[in-house]
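The first residue of the sequence shown is numbered 1, and numbering continues consecutively from there.
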Amino acid sequence: MSTEFFAVSTDYGLVILTSAALAIMCFSLGPTVIASRRKHFNKEFMDQFREEHQREIGEPLPDLGFPDIGSGRYSAKLSYKSWFEFNNAQRTHQNFIEALTVVISCTLTGGLRFPIPATIIGGLHFIGRLIYIIGYRFKGPRGRSIGAVLNILTTSAIMLLALISGFAIYFKK
């Protein structure tokens, strides 16, 4: 087992900033989902569940339709339009969360050996994610295609870069 260390380029700061920008973008989507919850799971709508919830659970009904994530008991009572709008907001955020760990960890790992390529790929992923969010939010699932393709390509590229970086570090190349 080797105990050698290697130096990290000052360019790695760009990798950290790119990763932080992706995390901030994902975090900033949370309030948009809450706004959608306020619109669709408002007090008047939720009143229809209050008595049953109190009887079955023995505590007050949670605000904003929690724990329903768009396919549960409360959502089933929404109009189709409300259900569709809420699920579009929910999916943009959930899809981002599903990919975020892979993208950030691979960006940080790939950037150890290749900081500029990792920053470029991470930046392209950021742009793809923005296109995905805007498209999905305003046009529904059909509007996400361009962003989705860019995200698939950049996620694949950053995973490959992380693997190459790991091998390069291990074999001291």
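Contact between Arg91 and Glu98 at its shortest, heavy atoms only, is NH1-OE2, 3.2 Å. Nearest heavy atom pair, residue Ala162 against residue Cys106, reads CB-O, 3.7 Å. In terms of heavy-atom proximity, Met46 sits nearest to Phe41 at CG-O, 3.4 Å. Here the closest non-hydrogen pair linking Ala157 and Ile121 is CB-CD1, 4.0 Å. Of all heavy-atom pairs between Tyr132 and Thr92, the closest is CE2-CA, 4.4 Å. In terms of heavy-atom proximity, Leu112 sits nearest to Tyr12 at N-CE1, 3.5 Å.
Within the 4.5 Å cutoff, no side-chain heavy atoms of His40 are placed close to those of Phe45. Looking at heavy atoms from C-beta onward, Glu59 lies in side-chain contact with His53 at the 4.5 angstrom threshold. Residues Phe84 and Pro141 have side chains in contact (heavy-atom distance under 4.5 Å, counting atoms from C-beta outward). With a 4.5 Å cut-off on side-chain heavy atoms, Val33 and Leu29 do not count as touching. Under the 4.5 Å side-chain criterion, counting only non-hydrogen atoms from C-beta, Thr32 is not in contact with His93. For the pair Asp11 and Thr119, the minimum side-chain heavy-atom distance is 4.5 Å or more. Residues Asp47 and Lys43 have side chains in contact (heavy-atom distance under 4.5 Å, counting atoms from C-beta outward). Between Cys26 and Arg129 there is no side-chain heavy-atom pair separated by less than 4.5 Å.
Under the 4.5 Å side-chain contact rule for hydrophobic residues, Phe126 and Ile134 share a cluster. No continuous path of ILVMFWY side-chain contacts below 4.5 Å connects Ile24 to Ile158, so the two sit in separate hydrophobic clusters. Placement of Val8 and Ile169 within a single hydrophobic cluster is found when ILVMFWY residues are connected by side-chain heavy-atom separations under 4.5 Å, directly or transitively. One hydrophobic cluster, built from ILVMFWY side chains closer than 4.5 Å, holds both Leu108 and Leu22. Under the 4.5 Å side-chain heavy-atom criterion for grouping Ile, Leu, Val, Met, Phe, Trp and Tyr, Ile104 is not connected to Leu161 through any hydrophobic cluster.
Residue Arg142 qualifies as open at atom CZ: its count of foreign heavy atoms under 6.0 Å is 12 or below. By the neighbour-count criterion of 12 heavy atoms within 6.0 Å, atom CD1 of Ile146 is sparsely surrounded, having that number or fewer from other residues, nucleotides or ligands. In Arg73, the CZ atom is not crowded: 12 or fewer heavy atoms of neighbouring residues, nucleotides or ligands sit closer than 6.0 Å.
Note that OG1 of Thr107 is 12.5 Å distant from CD1 of Ile120, once rounded to the nearest 0.5 Å. Rounded to the nearest 0.5 angstrom, Phe86 CZ and Leu78 CG are separated by 8.0 Å. Note that CD of Gln90 and CD of Glu85 are 14.0 Å apart. Values are rounded to the nearest 0.5 Å. Note: Asn151 CG to Leu124 CG = 10.0 Å, rounded to the nearest 0.5 Å. Note: Arg37 CZ to Ile69 CD1 = 8.5 Å, rounded to the nearest 0.5 Å. In this structure, CZ in Phe27 is found 10.5 Å from CD1 in Ile97, a value given to the nearest 0.5 Å.
Asn87 places a side-chain N or O within donor-acceptor distance of the main-chain N or O of Gly70, the cut-off being under 3.5 Å. Side-chain atoms of Thr18 come within 3.5 Å of backbone atoms of Leu14 as a donor-acceptor pair (strictly under, hydrogens ignored). The main-chain N or O of Met25 is found under 3.5 Å from a side-chain atom of Ser28 such that the two form a donor-acceptor pair. A donor-acceptor pair under 3.5 Å is formed between the side chain of Asp68 and the backbone N or O of Tyr74.
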* Asked: Run the side chain to side chain contact (heavy atoms under 4.5 Å, CB included) check on Leu64 and Arg38 step by step: do they pass?
  -> CA-CA 6 Å; Leu64 305 175; Arg38 281 195 177 98; 3.5 Å; yes

* Does the side chain to side chain contact (heavy atoms under 4.5 Å, CB included) test come out yes or no for Ile131 and Ile127, once each step is laid out? -> CA-CA 6 Å; Ile131 293 167; Ile127 292 166; 3.9 Å; yes

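Phe167 and Phe171 have parallel rings, their planes meeting at less than 30° on a 0 to 90° scale where 60° marks the start of perpendicular.
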